[in-house]
Amino acid sequence: MTTVQPFWRRSILLRAAAQVIGIALVVGLGFVLLTAHLAERITQESVAQRLRELMTTVENTAQIACFTKDQSLALEVVNGLVKNSEVFGAAVVGGSDMLAERRRGGATPERSRLAQAGRISKPIASPFDSSQIVGEVVIDPDPEIIRLRVRESGGFVALVLGLQLLVVVAAVVAVVLLWIVRPIKRMSDKLHVMDARSIEPLAMPQGHENTEIGRLVADINQLGQRLVASRDEEHHLHLQREIGERKYRAIFENADSGIFVVDQHMVLESCNHAFYRQLGLLRLAERREEISLLGLPWRMPDLLAGLLDRCAVLNRSVSDDFEYVVDEKEVRWFSVTLTPVGDQLIQGQLTDISRHKLAELSAQQEAITDSLTGLLNRNGFLQRIDEEIMACANDAASGFALLMVDLDGFRRVNESMGLASGDQILSITANRLRSCLKGSDLISRLGNDAFGIILRSTPGERAAANVAMRISVALKGFFEVGSTPLQLGASIGITLFPSDGADQETLLRNAEMALDHARVGGSGRYTFFDFTMARNAEHRRKLENDLRFAVRRNELMIHFQPIIDLSLRRMTGAEALVRWKHPEQGLISPDVFIPLAEDTGAIINIGLWIVETVCQQLAAWKRQGNDYYISINISARQIPDGLPPITLIETVNRYGVDPANLAIEITESVFMGNSEAAQTWLDAVHELGFRIYLDDFGTGYSSLSYIKRFPVDVLKVDKSFVRDMSEDNSDRALVGAIINMASSLGLTVVAEGVESAHQLELLEKAGCRCVQGYYFSRPVPADEIEAASRHAEQLL
Amino acid sequence: MMRRMLPRLFVLLAVLMPVLAHAESIVVVANPAAGVDTLSRNDVINIFLGSFRQLPSGIAALPIDLPPGHPARAEFYRLLVGKNQAEINTYWARLIFSGKTRPPIQAERVEDALSMVQGSVGAITYLERSKVSGKLKIVFELAQ
């Protein structure tokens, strides 16, 4: 690119000098010419000036000569003027006349012409009137003389200027060379041969410490230092990067997780050792052949392809778990995390999560297994029901039967013999159930002593009944727990899919309803679900709901059934019987709604209301002068907290009623539950003066120990005995025995359900003190009690 | 006493005369036969200072100066060209040298000047206006 140039063009020194001199010459020449021209002008001007002054000296004389047109005087003036060396010719003109004229001799025509060209004239005024011009003085300067003068002065000026210029140029050139060009040349020479690897600082030119050149040298030196420093730094960084890259390579290669990069065709671009190891591809690692990620033996490559697509489309990190088939014996699970890294590449990470997956599966298994029996637990059972329903929906099966098995009296065993025995019984039960079923059927422990069974292979009603029977028989067998063999029995509810219900919830409810029916029917029974059960249950649920509001809506009322004292031959009291007048269904029997009220707890409020109402009635009778007593039925649910003794006595006192006029009727079931609390309650109530009636005597345990232990005042013989007395001698004897026993214990006996004169006669003969029943009166409202009483007395 | 006082009174008048005359205007008079009614200032200057001595009627003009020292002479030149007598003398000195023209004839007395004007057709002179007699024609007046 660089062409060799002549030496003088390469040297800044010579070039600068030549240029300075050249410019100086041109400018100097211009100046000299200009100055010469100016000098000529000035000289001409000064000659003209001098000549004008000369004219002024002769003006007075010229005035007179012109005024008088005196030629001789004018000639005298002209002669005087021509004597001046600068004057070539002169003339005086007076008006229109040439008064006098003279010229130097020896003039060439050229000289005359030049002289005339430079002519100077001065008008001459009258000596007496300056405004009146009377003539003119004319002078022609001598051009030769003027030229001479101009040459003299112009030449001198040019000479001086030229010399000055020469000196200045020489000085400038010297200064520029020495002061500027030489230091720069030195720097340039030194920089020219300088090696970038060993930059030495340039020497500071003398006297330039504070000049621009000095700064330039300093800047170049600084730049050199920085160059060296940045080169060192770069070298250092380069080393570091090399080390860093090696380090990351090592991390990549030694990572436990498989790391890989795939392109948009799912072909592996690179991967680490762990990737080969985890996927069992170590034999491929050496060969370095192209591997397609989706070509590997994933269980479901489509899912992985989907994940890759999602990663590319969403352009963010995604992850999922995939099953990988290593060989026939081994399957591994990998968590695959994909991250887009740009350039249509996807970076992935592979983590072996097989152990976690196994743990997860076993945890799932555990979650649906009952730990005691190893059967499915409730959750698992519910899942399986759903699966079965799905299978039927997919036509994989036609239907199934759902059985619910409940051990009878298990709670008592648990309470009396301890949980360990209970657990033992449950385990045995599970085994017996297994033995009754086929392998395809499912058994589950739903709760405490409830088991659920799905009969998959035998969906029909008849087959289900057979299985239920087998189970029933199997569970009737003795349980060898501890030293004593126990007999429990089981109730079974059965429902069928799809005829009884379409979903899990319905089926379970159906089975439970059927089970309840079976349980009510007595131990060891099985019952199929039918839709009346559902309807009844629905009805019951509605009644329960209505019952909750019955007291508040004033739908309850009390009827009284007279109790006749046979020794006094008149009515002495009455049993209070609650009636519910349902707004839609009319009168509802206490047999129906009292158990409901007991189940739901509504009995508590109803009980309080009864006490209140009965006391009100007693107070009313007392005001009328009737000393009747009233017995009220108290259920086991109300004892001890539903009807505290303090509430009873407070209510009675509030109405001013004698506690002896209020009798509390209880059944033996009161003694069966929390007998301690019941005893305390009964003692307290009895202590307060209330009498205790034991209702339905003879139907339950009828244990004499109860009668001894609890403060019972009156036994009420159940109507079933009274009803059968007329035909059955043994019943007659039983009633007689009860009456005898009671009187020997000091208890009064009331016979219920007296419906005929014959029964009355028999009871009287047996020594029964009190009776009640339809023979005398059905239960009646309070305002009919007087009439009923009178009617009863007539019958005696 | 009166007799002794009179000469002194005349002397005083004589002294005062120029002063009194000074206030008076100077007129240029010519012979009535000269055929000139009036002259311009330039005509008067040309005639008295030797530039062009001819009357407008074509008759050669003969200017006559009053005797030197006469107050009207100084007054005349002062009013005509604004120069004093010394300057007028210098002027004429240069011209006399060339010989081409001459200064006006100088009268010995005022009466001589007047008689010369009366006696010569081209003659022309000047005097105070109060001294003009009926035999002279005023052709120009130099007012104060």
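Convention: sequence-line order gives letters A, B, ...; per-chain numbering from 1. Hydrogens, waters and symmetry mates play no part in the numbers below; they use all other heavy atoms, side chains included. All of these numbers come straight from a predicted model, not from anything done at the bench.
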Does atom [atom1] of [X] have more than 12 heavy-atom neighbours from other groups under 6.0 Å away?
{"X": "A:R151", "atom1": "CZ", "answer": "no"}
{"X": "A:E45", "atom1": "CD", "answer": "no"}
{"X": "A:R50", "atom1": "CZ", "answer": "yes"}

Residues A:L73 and B:R94: closest non-hydrogen pair is CD1-O, 4.4 Å
For residues B:Y91 and A:F67, determine if any side-chain heavy atom of one lies less than 4.5 Å from a side-chain heavy atom of the other. yes
Relative to chain A, which segment of B:L80 carries a heavy atom at a distance below 4.5 Å: side chain, backbone, both, or neither? neither
Which value, rounded to the nearest 0.5 Å, describes the distance between A:D70 atom CG and B:S51 atom OG? 11.0 Å
Quick one: OG1 on A:T68 to CH2 on B:W92, what's the gap to the nearest 0.5 Å? 8.0 Å
By number, which residues in residues 126-134 of chain A have some heavy atom less than 4.5 Å away from chain B? A:P127, A:F128, A:Q132
